[in-house]
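Note sheet for the following structure.
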Number of protein chains: 4
Amino acid sequence: MSNNLLKGKKGIIFGALNDQSIAWKVAEKCFEEGAQLVLSNAPIALRMGEINKLSEACANAPVIGADVTNMDDLKNLFDKAIEHFGGKIDFILHSVGMSMNMRKNNSYTSLNYDFTHKTLDISAMSFHRILQLAYQMDAINEWGSVLALTYIAAQRVFPDYNEMADAKALLESITRSFGYQYGIKRKVRINTVSQSPTRTTAGSGVKGFDGFMNYAEKMSPLGNASAEDCANYCVTLFSDYTRMVTMQNLFHDGGFSFSGVTGPVIEQMEK
Amino acid sequence: MSNNLLKGKKGIIFGALNDQSIAWKVAEKCFEEGAQLVLSNAPIALRMGEINKLSEACANAPVIGADVTNMDDLKNLFDKAIEHFGGKIDFILHSVGMSMNMRKNNSYTSLNYDFTHKTLDISAMSFHRILQLAYQMDAINEWGSVLALTYIAAQRVFPDYNEMADAKALLESITRSFGYQYGIKRKVRINTVSQSPTRTTAGSGVKGFDGFMNYAEKMSPLGNASAEDCANYCVTLFSDYTRMVTMQNLFHDGGFSFSGVTGPVIEQMEK
Amino acid sequence: MSNNLLKGKKGIIFGALNDQSIAWKVAEKCFEEGAQLVLSNAPIALRMGEINKLSEACANAPVIGADVTNMDDLKNLFDKAIEHFGGKIDFILHSVGMSMNMRKNNSYTSLNYDFTHKTLDISAMSFHRILQLAYQMDAINEWGSVLALTYIAAQRVFPDYNEMADAKALLESITRSFGYQYGIKRKVRINTVSQSPTRTTAGSGVKGFDGFMNYAEKMSPLGNASAEDCANYCVTLFSDYTRMVTMQNLFHDGGFSFSGVTGPVIEQMEK
Amino acid sequence: MSNNLLKGKKGIIFGALNDQSIAWKVAEKCFEEGAQLVLSNAPIALRMGEINKLSEACANAPVIGADVTNMDDLKNLFDKAIEHFGGKIDFILHSVGMSMNMRKNNSYTSLNYDFTHKTLDISAMSFHRILQLAYQMDAINEWGSVLALTYIAAQRVFPDYNEMADAKALLESITRSFGYQYGIKRKVRINTVSQSPTRTTAGSGVKGFDGFMNYAEKMSPLGNASAEDCANYCVTLFSDYTRMVTMQNLFHDGGFSFSGVTGPVIEQMEK
């Protein structure tokens with residue numbers, strides 16, 4: 001399926017690690033729909049080298065490393081992207097998150113606050129940094145579209161998601177706050193997509209992930225949304241068909257978010 | 001802008017009255033994107049005759065009258081649509097609402113309950129009727145998409161919207177409830193689009209509409225979404241790009257829904 | 001525990017059927033906290049006679065039958081209550097709901113719409129009728145407090161809750177809409193309490209109720225709230241300590257509403 | 001009005017600066033309702049000395065300085081409070097917030113991220129620090145109650161509220177996340193109260209505060225809730241009447257949160 005939905009559009013994709021990443025699928029799909037791309041990830045992630053395969057698949061899209069907590073890195077990225085595109089940017093995907101507390105198996109009631117600070121900075125404040133820089137550089141075209149990926153733990157507690165829930169709540173608030181500012185200034189819209197749990201390298205690192213994937217599948221009338229499904233959805237949100245949607249958190253989850261319980265879950269509870 | 005997003009798809013559009021109607025714009029846009037259509041409205045609305053212009057513009061799409069509170073009428077409509085299409089339906093738009101209390105200028109604290117019963121039946125239960133009939137006839141293809149138009153008065157009070165607020169809340173609940181059922185049975189998704197106030201024949205009938213349009217415009221970072229904007233958005237939701245979105249109420253309002261106040265409104269308050 | 005929180009206050013309690021009813025517990029607790037009461041239920045429910053025990057326990061509170069869909073009955077009730085109290089009313093509890101479709105085991109995809117009309121009229125519009133009558137009679141004192149009991153199925157789908165979910169969504173919308181009107185006119189506040197599933201005569205009639213009670217218990221960090229707990233909470237909302245809370249849906253559910261999943265549920269899923 | 005609602009209960013109040021502070025009013029009211037108190041604020045705030053008046057009014061409640069971003073300070077506070085009370089704590093009020101970016105007049109699109117880090121640490125992570133310490137020390141009695149004050153900017157954009165909106169969103173997420181953990185462990189409930197704009201020393205510092213107070217007053221069917229109103233409400237939430245309410249954000253705002261527009265605002269818009 002390709003309908004040239006993004007013909008002539010130019011975008012930056014943050015966070016494609018390997019072909020399991022949602023960002024990877026989004027990049028592939030955007031390219032398929034006619035977009036030109038610049039790819040970015042943390043320098044340490046780039047060293048794994050897999051992203052070069054994605055670059056090749058996308059007409060040698062430039063790969064530019066950037067620590068999303070470093071304004072100089074981000075400035076360099078935007079400068080090079082604009083130079084490469086020969087003009088401003090039309091869309092951005094933010095698919096970035098990391099929790100040192102989770103890596104160290106610190107429970108939510110035993111957080112190390114230096115780690116938490118890093119979690120918030122990398123997973124949420126990075127979105128503000130990107131937007132503030134773009135805003136100050138006036139780097140996004142009118143009616144541009146910016147998306148960040150989030151998770152429903154920002155609304156309800158999923159205990160194994162730990163402090164990332166709080167980071168996602170912060171991310172979604174930044175989306176609203178900056179969506180207001182950028183909407184008024186340049187008609188740029190900013191939204192989050194709240195995606196089903198997805199078996200990515202990042203997702204798989206969450207404790208109890210398999211049990212949870214199974215639960216989410218049984219709690220979603222349409223089943224869990226895949227990374228490919230998510231890519232299709234993101235394409236519509238980058239396209240000109242959705243210009244008036246802004247400051248929203250959009251659930252893309254097969255109906256999980258509004259299912260209080262389902263038949264299959266009740267059956268399992270009766271075992 | 002046309003990208004053949006609905007190529008090969010077949011849909012029923014309820015509620016196109018004249019070229020100010022959102023349903024009219026949605027029909028035009030769906031046709032432009034490659035869909036085949038059947039148009040329906042209440043027999044009394046059809047007598048005005050304007051819908052024939054829409055039919056002509058959409059390759060002579062059949063116009064089939066139906067009172068949405070009459071199951072026989074709806075059965076007749078679905079039978080004829082399936083016969084016309086030579087197969088099942090892919091998408092449905094429900095853009096139907098009417099309040100006799102508002103027509104009679106009954107305030108929200110002086111409702112006539114016979115009228116209220118009609119308001120709920122026409123504006124909300126009609127959606128259940130359509131879905132129940134389609135479900136029982138198995139009239140919608142797998143991964144079909146059904147949309148109803150709603151308004152944010154279902155979440156917050158806009159006094160002049162009167163009892164229609166309650167009708168819309170009921171409509172949105174039916175969307176979730178039936179979205180669950182139809183998702184499990186046939187992967188059919190059901191959502192509402194909560195649109196900016198729009199200057200349609202129906203909208204203009206609301207008391208204080210102009211003052212309110214102005215307020216909404218000032219409260220929306222991107223301004224009010226137009227009927228054409230809404231049509232574009234609906235097309236994405238009928239397309240195969242959004243298959244995993246269901247049971248949602250999707251705000252299409254230039255950011256109104258998440259703006260608590262804006263600079264222009266505060267300025268006006270200080271006058 | 002009694003702190004005279006409702007000393008001198010006068011209230012009408014709708015819907016006490018037997019000593020399992022939440023309304024029964026609320027009445028007992030209000031009386032304990034110093035309130036004078038009038039009790040009401042449908043004439044058919046009164047014939048069971050149990051409510052007389054409640055009346056006796058509450059200083060012979062008058063029991064006045066009223067079909068909540070009949071304005072004459074309601075008028076008679078308010079007239080007699082005001083006469084009995086020698087003045088206006090301070091608080092009202094609405095704990096009324098009935099679904100003929102559920103009694104007849106009609107699934108949500110096979111509703112009989114005459115029954116649905118009754119369901120909405122008894123379970124939701126009755127609240128509007130009570131409020132409209134009180135408003136027009138000016139029967140509630142300034143800073144009065146009105147509560148209706150609801151359930152989270154108004155927000156998310158619990159399939160066995162069937163059409164009552166839609167009725168509760170309508171009830172909650174009426175709460176907001178009328179809360180606005182009555183707040184402006186007489187500082188009367190109107191809220192809903194969204195209570196844990198509770199083993200009442202009404203609740204037990206819901207298909208799969210036991211499995212669901214168990215699920216809700218495991219999904220609530222504090223466990224399910226009991227009818228007695230609910231009564232305590234309602235007392236605070238009728239008291240003068242909560243005068244500025246209005247138009248809200250207040251979850252009283254041990255944390256169920258914001259728990260996406262819990263350890264015990266995940267464990268059960270892994271069996 | 002005093003009903004001994006908190007008789008025998010022991011609480012810590014964070015954030016009483018002067019007699020305009022909400023925390024000040026809450027402390028006074030808790031004392032009036034029978035509670036014993038310990039008062040805490042930042043060392044720099046204590047130097048102003050006004051809090052000693054509050055201490056005197058509350059039977060010489062100990063005043064213990066603590067920088068809420070310093071775990072040693074917090075440990076010292078809890079140790080001394082438990083020693084003073086001769087036992088564990090029953091309730092806590094968190095009324096703490098500060099934004100250096102706002103003090104320096106940095107707009108939301110020109111944030112200094114070192115300041116933002118401080119804003120989040122003082123205004124939101126401090127709540128986690130307090131809870132984590134209490135949890136690890138097992139310092140709160142079963143069925144204890146913890147409240148933090150928040151603002152609706154966490155849900156919708158109020159531009160002048162700047163980065164504090166994001167801090168409040170983080171605070172509310174922590175409330176849910178920790179509410180789950182502490183509920184399971186010790187039946188401790190944790191909620192936020194989302195209060196009307198209030199003319200405190202902190203509130204008045206927000207740009208355009210007067211225009212906004214006026215707008216909020218006109219947008220609230222019951223008018224803005226005062227600090228005294230808030231104190232009354234908090235007392236119910238600390239009392240044993242509300243044991244099953246947890247992980248909630250409770251609007252205490254005269255109906256502002258669910259009013260989309262009001263007559264007085266529309267009138268103003270038409271000027």
Side-chain angles (χ1 to χ4, degrees), chain A residues 1-7 29 33-34 143 175-177 179-185 187-191 193 195-196 220-226 229-237 239-260 262-264, chain B residues 1-7 29 33-34 143 175-177 179-185 187-191 193 195-196 220-226 229-237 239-260 262-264:
Chain A
M1 174 172 69
S2 172
N3 297 70
N4 277 311
L5 276 173
L6 303 181
K7 197 179 169 185
K29 185 67 190 161
E33 294 284 342
W143 298 108
T175 298
R176 288 186 293 272
S177 299
Y180 171 86
Q181 301 289 345
Y182 225 146
I184 282 181
K185 191 187 181 196
K187 306 284 186 190
V188 169
R189 63 196 187 278
I190 310 180
N191 298 286
V193 170
Q195 160 72 5
S196 292
S220 306
L222 302 180
N224 288 328
S226 69
D229 292 326
C230 188
N232 285 335
Y233 188 43
C234 290
V235 161
T236 68
L237 294 167
S239 82
D240 289 330
Y241 285 76
T242 56
R243 282 188 167 189
M244 298 304 277
V245 178
T246 195
M247 303 164 71
Q248 306 296 316
N249 179 40
L250 300 160
F251 290 104
H252 182 260
D253 61 2
F256 178 89
S257 40
F258 288 92
S259 295
T262 60
Chain B
M1 174 172 72
S2 171
N3 297 69
N4 277 312
L5 275 172
L6 302 181
K7 197 179 168 184
K29 185 66 190 160
E33 294 284 343
W143 298 109
T175 299
R176 289 186 291 272
S177 298
Y180 172 86
Q181 301 290 346
Y182 225 145
I184 281 181
K185 192 187 182 195
K187 305 284 186 191
V188 170
R189 64 197 187 276
I190 310 180
N191 297 287
V193 170
Q195 162 71 6
S196 293
S220 305
L222 302 179
N224 289 328
S226 69
D229 293 326
C230 187
N232 286 334
Y233 188 42
C234 290
V235 161
T236 68
L237 295 167
S239 82
D240 288 330
Y241 286 77
T242 56
R243 283 188 167 189
M244 297 305 277
V245 178
T246 195
M247 304 166 68
Q248 305 296 315
N249 179 41
L250 299 160
F251 290 104
H252 181 260
D253 62 1
F256 178 89
S257 41
F258 288 92
S259 295
T262 59

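Fair warning: this is a prediction, and the values are worked out from it, not measured in the lab. Here is how names work: the chains are called A, B, and so on, in the same order as the sequence lines, proteins then strands, and each is numbered from 1.
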Given that the side chain runs from C-beta out, which part of B/E33 has a heavy atom under 4.5 Å from chain A: side chain, backbone, both or neither? side chain
Chain A contact via B/T262 - side chain, backbone, both or neither, heavy atoms under 4.5 Å: both
Can you name the nearest heavy-atom pair linking A/Y180 to B/G263, along with the distance? OH-N, 3.1 Å
Would A/T246 and B/F258 count as a side-chain contact (heavy atoms from CB on, under 4.5 Å) here? Give the steps. CA-CA 9 Å; A/T246 195; B/F258 288 92; over 6 Å; no
Going by side-chain contact (heavy atoms from CB on, under 4.5 Å), name the residues that satisfy it together with B/T236, two or more places apart in sequence or in a different chain. A/T236, A/Y241, A/T242, B/Y233
Proximal component of B/S2, with respect to chain A [non-hydrogen, under 4.5 Å]: backbone
Looking at every non-hydrogen atom in both residues, tell me the closest pair between A/V245 and B/H252 and how far apart they are. CG2-CD2, 3.7 Å
Okay, B/L237 and chain A: the region with an atom under 4.5 Å from a heavy atom over there is neither
Sequence neighbours left out, what pairs pass salt bridge (charged side-chain N to carboxylate O under 4.0 Å, His left out) with at least one residue falling in residues 239-249 of chain A? A/K9-A/D240, A/D240-A/R243
For A/G223 against B/M244, the heavy-atom pair lying closest together: O-CE, 3.1 Å
Minimum heavy-atom distance between A/S259 and B/M247, given as atom pair plus value: OG-CE, 3.6 Å
Below 4.5 Å from any heavy atom of chain A, which atoms of B/K185 appear? Answer side chain, backbone, both or neither. neither
Spacing of NZ belonging to B/K7 relative to CG belonging to A/N3, to within rounding of 0.5 Å: 9.5 Å
